[in-house]
Amino acid sequence: MRFLIDFCAPQSDPTAALRCAFGTPVEVLVAHQPDEVVPLLDRVDALARSGLWCVGYVAYEAASAFDPALTTHAPIGPLAWFGVHEKPLPWPTEPASGSAEVQWHNPLSRPRFDAAMASIHDAIAAGEFYQVNYTTRLHGSFQGEPPALFAALQRAQPHGYAAYVDTGSEHIFSVSPELFFDWKNDQILVRPMKGTAPRGTSAADDQALAAQLRSTPKELAENVMIVDLLRNDVSRIATPFSVKTPRLFQIETLPTVFQMVSDVTATTRAGTTLADVFTALFPCGSITGAPKVRAMQTIKAL
């Protein structure tokens with residue numbers, strides 16, 4: 001087992017960044033069924049409040065644990081998995097050795113993609129939903145060492161929220177630039193990404209493309225739809241009148257794209273637990289669409 005966490009600072013304070021490793025856990029928590037997920041998160045919450053570190057994941061397919069209306073396909077692994085650690089270790093000083101090569105295969109044909117997009121447009125026009133995050137799963141054959149692949153992915157997508165979780169039976173890599181939520185004491189921040197533009201080949205190109213992203217009605221509408229959804233989700237665990245949007249339509253610069261982000265903040269109610277936060281927010285609206293229930297039904301169908 002091996003665990004690496006490299007999270008940029010979610011707030012302006014650079015000391016809030018987290019870059020560390022973890023060794024063999026002192027305890028492993030696993031949920032395979034929906035009714036096991038909330039008790040697992042309650043256990044994670046209690047352990048973290050006692051000073052331990054819990055590192056792991058909650059799968060998209062765990063959504064029905066928080067609301068039976070949130071439909072997904074059957075999971076291909078645990079719904080949630082966390083290793084419990086007494087303390088973090090320093091980030092490895094030696095770079096990952098070995099090679100890593102993946103030959104990716106996209107199972108989605110162009111005609112099937114076009115048909116799915118047409119059905120999404122028809123459903124939007126009929127008022128079924130505003131937005132669906134339509135993606136596909138890539139398959140591939142891998143040769144090499146998993147740490148080397150994670151290092152290569154992180155070099156290609158730096159300055160985000162990178163995590164490597166080796167459970168002993170699967171390797172989970174994340175190099176996402178998007179913050180789901182940051183919750184400290186009674187303050188919670190969510191920062192959805194919606195609105196994308198390519199980077200240019202010069203500083204002038206970059207400036208023009210970023211300006212276009214800030215002013216395109218489609219991109220602004222896409223972002224504000226998810227901000228509205230998340231404001232509503234966060235309000236379920238927030239004290240009255242504490243939900244704010246301090247940053248709207250900000251442009252973040254990544255190596256190959258510009259991303260539009262907005263911040264939603266709130267003060268959580270006394271007694272709020274980690275399971276309460278997941279029940280209110282999971283899955284994040286930026287990876288489903290709006291309204292969430294109908295968007296997820298469409299994602300499953302397509």
Side-chain angles (χ1 to χ4, degrees), residues 57-65 67 69-81 100-126 128-144 146 149-150 152-154 156-157 160-165 170-180 192-199 213 218-219 221-223 225-226 229-230 254-261 281-302:
Y57 66 85
V58 178
Y60 175 81
E61 290 79 11
S64 65
D67 183 347
L70 301 177
T71 56
T72 70
H73 288 293
I76 58 172
L79 294 177
W81 191 103
E101 183 177 347
V102 183
Q103 299 294 329
W104 291 111
H105 168 64
N106 182 358
L108 182 62
S109 67
R110 184 72 204 200
R112 187 173 157 211
F113 172 81
D114 290 340
M117 291 301 297
S119 70
I120 289 171
H121 290 163
D122 289 344
I124 290 173
E128 291 187 30
F129 46 75
Y130 303 109
Q131 180 183 145
V132 165
N133 191 17
Y134 178 54
T135 64
T136 189
R137 185 191 301 273
L138 299 180
H139 300 273
S141 58
F142 171 66
Q143 291 183 324
L149 177 58
F150 175 70
L153 292 170
Q154 197 173 13
Q157 183 64 56
Y161 301 91
Y164 174 22
V165 177
E170 59 183 355
H171 297 266
I172 306 294
F173 302 154
S174 174
V175 287
S176 174
E178 183 176 22
L179 174 68
F180 177 21
M193 281 185 167
K194 278 297 177 185
T196 309
R199 294 288 305 275
L213 177 59
K218 179 264 183 188
E219 305 288 1
E222 189 177 357
N223 190 282
M225 286 176 195
I226 296 304
L229 186 154
L230 283 170
L254 301 174
T256 60
V257 295
F258 293 111
Q259 288 278 180
M260 186 183 294
V261 302
L281 301 181
F282 191 86
C284 185
S286 64
I287 64 163
T288 62
K292 188 181 292 186
V293 171
R294 187 68 185 100
M296 290 182 65
Q297 290 171 349
T298 303
I299 289 169
K300 181 183 178 184
L302 296 178

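From a predicted model like this one, the values you see are computed outputs, not experimental measurements. Nothing fancy with the numbering, it's 1 onward along the sequence.
- Of all non-hydrogen atoms in Phe129 and Arg294, the two that sit nearest each other are CD2-CG, 3.7 Å.
- Distance check: Ser286 OG to Glu222 CD gives 10.0 Å after rounding to the nearest 0.5 Å.
- Checked by atom type and distance alone, the side chain of His73 pairs as donor or acceptor with a backbone atom of Lys300 at under 3.5 Å.
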Test Phe180 against Tyr161 for side-chain contact (heavy atoms from CB on, under 4.5 Å), laying out the working first. CA-CA 10 Å; Phe180 177 21; Tyr161 301 91; over 6 Å; no

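- Of the residues Val132, Leu138, Asn133, the one that meets the side chain to side chain contact (heavy atoms under 4.5 Å, CB included) test with Thr135 is Asn133.
- For the pair Ile76/Arg137, a side-chain contact is recorded, criterion being any heavy-atom separation below 4.5 Å from C-beta on.
- One finds the CD1 atom of Ile287 at 9.0 Å from the NZ atom of Lys194 (value rounded to the nearest 0.5 Å).
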Stepwise side-chain contact (heavy atoms from CB on, under 4.5 Å) check, His139 with Trp104: CA-CA 6 Å; His139 300 273; Trp104 291 111; 6.0 Å; no

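- Closest of all the heavy-atom pairs between Ile226 and Gly285 is CD1-O, 3.3 Å.
- Looking at every heavy atom in both residues, Thr72 comes nearest to Ala63 through CG2-CB, 4.3 Å.
- Note that CD of Gln131 and OG1 of Thr298 are 12.0 Å apart. Values are rounded to the nearest 0.5 Å.
- Heavy-atom minimum distance, Ala69 versus Gln297: O-NE2, 4.4 Å.
- Ring geometry, Tyr134 versus Phe113: the interplanar angle falls under 30°, so the pair is classed parallel (tilted spans 30 to 60°).
- Between the CG atom of Leu229 and the NZ atom of Lys292 there is a distance of 5.5 Å, given to the nearest 0.5 Å.
- The minimum heavy-atom distance linking Ala59 with Pro78 is given by the pair CB-O, 3.8 Å.
- Here Arg112 contributes atom CZ and Asp114 contributes atom CG; the two are 12.5 Å apart, rounded to the nearest 0.5 Å.
- A distance-only check finds no donor-acceptor pair linking the side chain of Gln259 to the backbone of Met193 [under 3.5 Å].
- For the atom pair CG (Leu213) and CZ (Phe258), the distance works out to 8.5 Å, reported to the nearest 0.5 Å.
- Side-chain contact between Glu101 and Phe142: absent, with no pair of heavy atoms (C-beta onward) separated by less than 4.5 Å.
- Listed here is the closest heavy atom pair of Gln157 and Pro255: NE2-CD, 4.3 Å.
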Between Ile299 and Tyr60, is the side-chain contact (heavy atoms from CB on, under 4.5 Å) condition met? List the steps. CA-CA 12 Å; Ile299 289 169; Tyr60 175 81; 4.0 Å; yes

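- With sequence neighbours excluded, the residues that form a side-chain hydrogen bond (donor to acceptor under 3.5 Å, both in side chains) with Glu170 are Tyr57.
- By the 4.5 Å heavy-atom criterion applied to side chains, Val58 and Leu79 are not counted as neighbours.
- Partners of Thr288 by side-chain hydrogen bond (donor to acceptor under 3.5 Å, both in side chains), not counting sequence neighbours: none found.
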